[in-house]
Amino acid sequence: AHPMSRPATALLAVNDGLLVGQRGQVLRLANGVTELLPLPEGDEDTVVTELIEAQGRLWAGTSAGLFHREAGAWVRHEGGEPLSRAPIETLFEDSDGNLWVGMVENLARLRSGRVREIVTDEPSASAVRSVFEDREGNVWFGGQWEGLTRVWNGWTRRYGKREGLV
């Protein structure tokens, strides 16, 4: 079967083409050539949900944890639970070089590929679906259940129903 016979679950434009996340693999489409970048053995049914170039690496958020490309292969992140196995909802690199990883129940911050912080018990850390950095350097997290959270200069503010969000 042709590699594009699977649904495209993540897209990332790169200098030389397009990366397409799918179940069990990522395709690199460039100059009329399709290159298959399979996930490691045992992850054939793992769905690639997010792709990002950050911290000098290509990262893949999947239904079964965080991976990065190293020496021509996908490597599962060795930061331990929850990053190594939890479903990844979103990936975002801020202007300070932090890689934010949103999961169903946690939010992680990586710096130089290493876990610097994992937020677990905060309502704002659960089900982060989107991340945005404004021109003033505020990082905004959109959660499925708890509205918006803004992080700036080490401070955090949550916006929810009380502030007018429905």
Side-chain angles (χ1 to χ4, degrees), residues 2-4 6-104 106-119 125 127-144 148-152:
H2 187 275
M4 287 302 293
R6 299 178 184 180
T9 53
L11 299 172
L12 178 64
V14 292
N15 289 340
D16 62 344
L18 181 68
L19 296 175
V20 181
Q22 298 185 306
R23 181 178 46 83
Q25 63 189 18
V26 174
L27 301 177
R28 181 186 306 270
L29 309 175
N31 303 317
V33 176
T34 301
E35 179 186 1
L36 180 64
L37 309 174
L39 293 178
E41 189 173 320
D43 282 298
E44 295 84 3
D45 290 324
T46 297
V47 177
V48 177
T49 57
E50 292 282 328
L51 292 165
I52 189 172
E53 287 183 309
Q55 301 181 354
R57 292 180 170 168
L58 176 60
W59 297 85
T62 75
S63 60
L66 184 64
F67 292 81
H68 66 272
R69 291 288 287 176
E70 188 174 295
W74 289 107
V75 177
R76 186 178 296 277
H77 192 270
E78 297 178 2
E81 296 290 342
L83 285 173
S84 63
R85 297 285 174 196
I88 306 299
E89 300 287 326
T90 190
L91 297 172
F92 180 81
E93 184 179 38
D94 67 21
S95 60
D96 289 331
N98 295 299
L99 177 60
W100 295 92
V101 182
M103 295 162 274
V104 174
N106 305 288
L107 177 65
R109 181 174 63 89
L110 281 69
R111 184 73 176 208
S112 302
R114 305 192 115 160
V115 176
R116 297 296 183 213
E117 176 179 19
I118 295 182
V119 182
V128 171
R129 301 287 184 168
S130 57
V131 185
F132 172 76
E133 183 174 16
D134 65 26
R135 62 181 152 234
E136 296 169 359
N138 299 300
V139 180
W140 297 82
F141 301 95
Q144 180 174 350
L148 271 176
T149 300
R150 177 177 73 153
V151 176
W152 77 104

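These numbers were taken from a predicted model, which means no experiment stands behind them. In what follows, residues are counted from 1 in the order of the sequence shown.
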Got a sec, which residues hit side chain to side chain contact (heavy atoms under 4.5 Å, CB included) with V14, two or more places apart in sequence or on another chain? L12, D16, L19, R28, E53

R69: what forms a salt bridge (Lys or Arg N to Asp or Glu O under 4.0 Å) with it, not counting sequence neighbours? none

Here the gap from L91 atom CG to L66 atom CG, rounded to the nearest 0.5 Å, amounts to 6.0 Å

Who pairs with V131 by side chain to side chain contact (heavy atoms under 4.5 Å, CB included), at least two apart in sequence or on another chain? T90, F92, V128, V139, F141

State which residues pass side chain to side chain donor-acceptor pair (under 3.5 Å) with D134; sequence neighbours excluded, sorted by chain then number. N138, W140

Hey, does D43 have a side-chain heavy atom less than 4.5 Å from the side chain of F67? yes

Side-chain donor-acceptor pairs of residues 111-119 under 3.5 Å, sequence neighbours excluded:
unit_1 : atom_1 : unit_2 : atom_2 : d
R111   : NH1    : D96    : O      : 2.2
R111   : NH2    : D96    : O      : 3.1
E117   : OE1    : R109   : NE     : 3.1

When you compare the side chain of P7 with that of R23, does any pair of heavy atoms fall below 4.5 Å? no

Qualifying residues under side chain to side chain donor-acceptor pair (under 3.5 Å), relative to W74, sequence neighbours excluded: none

Contacts of S84 meeting side chain to side chain contact (heavy atoms under 4.5 Å, CB included) (sequence neighbours excluded), chain-then-number -> R76, E81

Could you tell me which residues satisfy side chain to side chain donor-acceptor pair (under 3.5 Å) with E70, sequence neighbours excluded, listed by chain and number? H68

Side-chain touch V101/L107, heavy atoms, less than 4.5 angstrom: no

Side chain to side chain contact (heavy atoms under 4.5 Å, CB included) with T49: which residues, sequence neighbours excluded? V47, I88

Contacts of type side chain to side chain donor-acceptor pair (under 3.5 Å), residue E93, not counting sequence neighbours: none

Could you grab the distance from atom CG of L99 to atom CD1 of I52, nearest 0.5 Å is fine? 6.0 Å

If you define the side chain from C-beta out and look only at heavy atoms, does anything of L11 sit under 4.5 Å from L51? no

